[in-house]
Each structure stands twice: as C-alpha cells, then as structure tokens.
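Working notes, structure below.
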Amino acid sequence: MLDIKKIRRQPDWFKEKLATRGTKPEEIDEVLDLDAKRRDLLQQTETMKAKRNAVSKQIGDAKRANKPADDIIAQMRDLGDQISKLDEQVEKVEEEFHDKMSRLPNVPHKDDPVSLTEEGAIELRKVGHIRDFDFEPKHHWDVGENLGILDFDRARKVSGARFVYYLGLGAQLERAVYNFMLDEHMKEGYTEVLPPYIVNAASMFGTGQFPKFKDGVYQVNGEDMTLIPTAEVPLTNYYRGEVIPEEELPVKVTALTPCFRSEAGAAGRDTRGLIRMHQFNKVEMVKYTKPEDSWKALDSMTANAENILKKLEIPYHVIRLTTGDMSFTASETRDLELWMPAQHKYREVSSCSNCLDFQARRMHTQYRGKDGKLHYVHTLNGSGLACGRTVAAILENNQNEDGSVTIPKVLVPYMHGVTKITKENAVPFRNKH
RNA sequence: GGAGAGUUGGCAGAGUGGUAAUGCAUCGGACUCGAAAUCCGACGAACCCAUGUUGAAUGGGCGCGCAGGUUCGAAUCCUGUACUCUCCUCCA
C-alpha cells in the first residue's frame with residue numbers, strides 16, 4: 001500500500017512512476033478524487049459527532065440532576081439520523097477508496113529498467129559454465145520418466161494435469177535438495193520455520209495477493225481460507241498488526257512449504273515436466289529490516305540464493321527485472337535463472353524482492369525506533385530456491401549418455417552416499433522381479 | 001461437532017446505559033556524590049480529519065476482540081462472528 005499523503009503531495013511523480021508498471025494516470029486521479037470526497041464527508045460528520053458528544057454530555061448531566069431533557073433529546077434524534085446517513089456515505093467512499101488504493105502497485109526503484117514487458121531486463125552476472133554435451137541432452141521429464149523417478153501419467157489419473165509423483169531416488173533427491181537448502185540458510189543466520197499452509201484473506205491481503213490476484217490461488221470452498229501460493233504469505237504475515245521489538249531486527253526466516261497455484265492463464269505453457277505445477281515445493285527466505293538496511297539485505301538475500309546454485313554447480317544468471325515484470329509489491333526484483341540444456345534457455349528458479357514498506361503498510365507491521373516513534377519495517381522475500389525446478393535442472397545438467405544422473409557432490413551425503421541415479425537403483429519396488 | 005467461561009491501554013485490573021477507575025511499567029523533574037527508595041508531574045496502542053510544523057503541537061473524530069442492531073447516548077443491552085480456556089465427542 002502506498003502512502004496517500006505522499007500521493008496527494010506529488011501526484012504527477014506517482015503517475016509517472018506507476019505508468020512504468022502499467023498503471024493508468026486515471027487510476028491515480030480516481031484515488032485522489034475519492035480521497036478528497038472522503039475527507040470532505042469526514043469533516044462534515046465529525047463536526048456533527050463533536051456536537052452530539054457535547055450535547056449528550058449535557059443530557060447526561062440533566063438526567064443526573066433529575067431535570068427534564070426531552071426537548072434536547074428530540075433535537076438530537078434528528079442529528080443522529082443525519083449522522084448515520086452521512087456515515088453510510090463515508091463508508092461507501094472509504095471502501096471504494098481503499099479498494100482502489102490497494103490495487104496500486106509499489107513504486108519501482110529509480111534504476112529499475114523501464115519496460116512494460118519482460119523485455120529489457122538487465123543481466124547482472126552469469127555464473128558457472130555451461131556444459132558441452134557430446135550427445136543430445138534429453139528434457140528432464142524424459143530423463144525422469146526413463147529412470148522411473150517421475151510419474152506424470154499416474155498423477156494425471158489421480159489428480160490431473162500439472163501434478164507429479166516423485167518415486168524412489170527421485171523423491172529422495174527432492175528431499176535432499178530442500179534439506180540442503182534449509183541447512184545452508186541456517187548457516188547464514190536464518191531461523192527455520194514450519195508455517196501453516198492455509199491462510200485467511202487478511203493474510204492474503206497483507207502480502208498483496210488480494211484483492212488483485214485472486215485468480216491465481218486455490219480457495220477453500222465456502223471458507224475464508226486459501227492454500228498458500230508461496231511461503232512468503234505465512235512468513236511475512238507472522239508479524240501482521242504487531243510492533244516488532246527493535247532489538248529483534250533484522251529478522252531472517254526460512255521455510256520449506258508446498259506452494260499451490262491454479263496457473264489460470266498459463267494454459268498451454270510448460271505443459272510438460274516439473275516447471276509449472278499446481279503443487280510444488282519451495283524454500284523461501286523472508287527478512288524484516290529497518291528501512292535503512294533493506295537494500296543491503298536484498299544484496300545478501302540474493303547472495304544466499306546464489307550460494308545454493310553455486311554449490312550445486314548449476315549454471316545460472318541473475319537478471320534485474322523490468323518495471324512491468326516485477327511482482328506487484330516489489331520495488332526491485334532480481335531473478336535467478338538456471339540453465340536448462342535441453343530447452344537451451346535459462347528458467348526462473350528464484351525471485352528476490354525488496355518490498356520496502358509496501359507490505360508493512362498493508363499489514364501494519366512496525367517497530368519503535370530509538371526516537372520513540374513507530375516506523376514501518378521493510379520486508380523482503382526471495383526463493384531459495386524452487387525445489388522442483390532445481391531438481392529439473394539437476395536431471396538435465398547432470399544427465400549421462402546412458403540415462404543415469406550424477407548427484408551433485410554436496411547432495412551425496414543427503415542421498416546417503418548415492419552418487420548416481422541409475423535404472424537399477426532408482427525405484428526399488430520396480431527391481432524386485 | 002456439542003456445552004460453558006472469557007477477550008478492556010505495554011502488563012495487571014475495575015467498570016451492567018450518561019460517555020473508560022486504579023496499580024505496575026514508561027517518560028520528565030525534585031531529592032542524592034551517584035543510585036535505589038520516596039515525592040511531584042506527564043503519558044493510555046494504532047489510525048483518521050482540521051489548522052500548524054517538518055523531528056512543536058493543538059483541537060476534533062475514532063477507540064473496550066471483530067461486525068451489525070437497539071438508543072438522544074453503548075465497554076455496558078441484543079444478534080452474528082473470530083480467537084483463547086475448560087469439559088464432552090472425535091481424531092493423528
């Protein structure tokens with residue numbers, strides 16, 4: 001949520017900034033109109049209420065003194081009616097105002113590449129080297145299905161499209177991946193959290209998914225509950241409505257959770273493989289910081305995500321997203337994209353964002369500074385990393401000509417010493433004869 | 001799922017229709033070499049509006065879990081609802 005007082009003061013600056021994200025200038029004008037209307041009505045109703053309070057006091061005094069007050073009470077009845085009519089208008093205007101305000105995206109950082117599409121993203125760095133295959137690398141879904149560790153067909157039968165069964169060493173590989181990630185983040189000072197996977201609408205509002213992006217999520221039928229599309233929601237809402245003790249800042253948390261997304265509007269895209277699922281695991285990082293610390297915190301969070309890919313020896317690059325491609329709440333976003341040799345392109349595996357006070361305003365999350373005053377915290381979130389896509393990248397990058405997959409060195413201890421997934425060791429129940 | 005009890009300021013805790021006691025904590029001051037104790041004073045979340053300021057406030061609104069209702073007036077009465085606790089039921 002943006003600060004209406006700032007918008008009032010410099011509407012043109014906001015129009016210009018938000019235009020780079022696809023917000024029409026009229027949307028700002030609407031907000032300002034509603035704000036003016038709201039304040040006008042408030043002044044009227046508050047004047048009346050002040051009068052009512054004063055007269056009510058007189059009535060109270062009269063009653064206590066056993067004096068008649070019927071004539072004043074009759075007058076006040078009329079005033080009461082006027083107030084409630086006015087209050088109805090106020091409520092209506094405020095509701096509309098709030099709705100429009102909560103649909104305005106965050107202001108992009110001044111150095112964000114300006115573009116309404118994803119074209120124009122800046123490549124910040126390229127890391128690791130891309131393997132030269134002396135055979136035609138297979139897609140990860142073929143690698144996985146050939147080994148028997150991924151079963152999309154039966155998932156389709158049991159659940160539907162965009163679901164998968166991992167089996168045997170495939171399931172273990174995913175588990176190794178997220179255990180490794182969590183351990184790495186804990187070394188960096190993040191506290192591990194196991195949050196709820198279902199949250200209420202207030203939480204979805206707090207992190208910015210509601211009201212604008214209701215389509216993307218699974219809603220529990222008839223209830224005020226949503227399956228989390230990312231652990232960002234329960235992690236960031238942890239302190240919703242609270243004042244964080246200053247000495248606790250910065251707070252750094254990490255969590256492995258499944259993420260549920262309806263993928264409405266993505267029909268036909270990435271229909272095969274692990275890239276775009278209705279349910280996937282992700283290790284998320286969330287930080288709460290003081291305003292002056294958030295940009296450094298974004299750097300270190302990005303480094304924490306990169307650390308995982310470096311140690312897994314997966315080639316990747318880091319890009320800075322355009323104004324039009326960033327998530328609604330972000331002021332700056334850096335994506336990590338890992339190399340998928342069969343697709344011959346980079347695919348997103350992490351998104352690290354600084355939301356400044358945008359979410360904190362929605363959630364009313366503050367801290368009391370040394371000046372004794374309350375300040376909004378800054379919130380950051382980043383994937384560290386999406387597990388399914390990481391597994392996909394391992395299957396593609398580490399595949400061998402005979403169809404086996406070499407386990408990255410750092411994961412071998414997590415695989416109980418297994419260094420390679422082969423048809424023979426992949427899924428024990430298939431090899432019993 | 002059923003029954004009951006509860007939810008008031010940072011904390012504790014009064015208040016059953018007349019507009020939120022009190023204590024602790026906090027902040028300022030006095031006393032003191034200093035501190036504690038004591039005394040005096042201030043302060044009751046956040047938010048919103050107006051005038052003003054840009055680290056100055058002042059006035060008003062709102063405010064007793066939340067949302068409605070009754071009333072001239074609601075912490076107080078009514079309805080719904082969330083959460084907490086206890087018991088029953090169920091369950092991993």
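Below, each value reflects all heavy atoms present in this structure, side chains not excepted, and no hydrogens, waters or symmetry copies. Residue numbers start from 1 in every chain, and the chains themselves are labelled A, B, ... in the order their sequence lines are given, proteins ahead of strands.
In this structure, the NZ atom of A:Lys51 is 20 Å from the C1' atom of B:C62, given to the nearest Å. To the nearest angstrom, C1' of B:C62 lies 10 Å from CG of A:Asn53. The nearest whole Å value for the distance from the CG atom in A:Leu79 to the C1' atom in B:G73 is 11 Å. Summarising the geometry, the separation between CG on A:Asp87 and P on B:C62 is reported as 9 Å, rounded to the nearest angstrom. One interatomic measurement links the two molecules: NE2 of A:His375 to C1' of B:A46, which rounds to 14 Å at whole-angstrom precision. Per the geometry, CD1 belonging to A:Ile4 stands 16 Å off P belonging to B:C47, to the nearest Å. Going from atom CZ of A:Arg240 over to atom P of B:A45 covers 22 Å, rounded to whole Å. Taking atom CD of A:Gln75 as the reference point, atom C1' of B:U71 lies 17 Å away to the nearest angstrom.
Summarising the base pairing, B:U71 is matched to no nucleotide, lacking a Watson-Crick or G-U wobble pair whose two defining distances lie under 3.5 Å. The partner of B:A12, taking Watson-Crick or G-U wobble pairs whose two distances both stay under 3.5 Å, is B:U22. The partner of B:A3, taking Watson-Crick or G-U wobble pairs whose two distances both stay under 3.5 Å, is B:U86. Using the Watson-Crick or G-U wobble rule with both distances under 3.5 Å, B:G34 pairs with nothing in any strand shown. The pairing partner recorded for B:C39 is B:G29, the criterion being a Watson-Crick or G-U wobble arrangement whose two distances lie under 3.5 angstrom. B:C66: Watson-Crick or G-U partner is B:G80, with both key distances under 3.5 Å. Base pairing of B:C47 is made with B:G61, judged by Watson-Crick or G-U wobble geometry with both donor-acceptor distances under 3.5 Å. Both distances falling under 3.5 Å, in either a Watson-Crick or a G-U wobble arrangement, occur for no nucleotide opposite B:G55.
Rounding to the nearest 0.5 Å places NZ of A:Lys420 at 10.5 Å from CD1 of A:Ile407. Taking CG from A:Asp112 and NZ from A:Lys17, the interatomic distance works out to 8.0 Å, rounded to the nearest 0.5 Å.
Closest-nucleotide positions on RNA chain B for A:Glu94 and A:Thr45 were compared, and the one nearer the 5' end corresponds to A:Glu94.
If you check B:G18, B:C49, B:A46 against the side chain of A:Arg38, the one that comes closest is B:C49. Nearest nucleotide to the A:Glu46 side chain, out of B:A50, B:G61, B:C72: B:G61. Across B:C62, B:G18, B:C48, the shortest atom-to-atom separation from the side chain of A:Lys49 is found for B:C62. Of all nucleotides listed (B:G73, B:G68, B:G60), B:G73 comes nearest to the side chain of A:Arg52. With B:C72, B:G68, B:C48 as the candidates, the nucleotide lying closest to the side chain of A:Ile73 is B:C72. Distance from the side chain of A:Leu42 is smallest for B:C48 among the nucleotides B:G61, B:G68, B:C48. Each of B:G61, B:A46, B:C72 was ranked by its minimum atom distance to the side chain of A:Gln366; first place goes to B:A46.
Spacing of P atoms, B:C24 relative to B:G61, comes out at 30 Å, to the nearest Å. For the C1' atoms, the distance linking B:G23 with B:G55 amounts to 33 Å, nearest Å. Nucleotides B:A74 and B:C85, compared at atom C1', are 27 Å apart to the nearest Å. Taking atom P on both B:A42 and B:U53, the two are 28 Å apart, rounded to the nearest angstrom. Comparing B:A37 with B:U16, their P atoms sit 35 Å apart, to the nearest whole Å. Between B:C87 and B:C66, the two P atoms lie 29 Å apart (nearest whole Å). Spacing between B:G80 and B:G73 at atom P, rounded to whole Å, works out to 23 Å. The same atom, C1', is picked in B:U71 and in B:U86; the two are 36 Å apart, to the nearest Å.
The side-chain hydrogen bond (donor to acceptor under 3.5 Å, both in side chains) test with A:Ser353 singles out one residue from A:Thr329, A:Asn381, A:Thr333, and that residue is A:Thr333. Partner of A:Leu86 under the side-chain contact (heavy atoms from CB on, under 4.5 Å) criterion, out of A:Gln44, A:Lys49, A:Glu46: A:Gln44 alone.
For the pair A:Arg38 and A:Phe97, the cation-pi test (distance below 6.0 Å, angle within 45°) is passed.
Judged by distance alone, the side chain of A:Thr323 and the main-chain N or O of A:Ser115 form a donor-acceptor pair under 3.5 Å. Side chain of A:Ser84 to backbone of A:Asp81: a donor-acceptor contact under 3.5 angstrom is found.
Counting non-hydrogen atoms under 4.0 angstrom, A:Asp61 reaches nothing in the nucleic acid. Contacts of A:Arg8 with the nucleic acid, taken as non-hydrogen atoms under 4.0 Å apart, involve only primed sugar atoms and P, OP1 or OP2.
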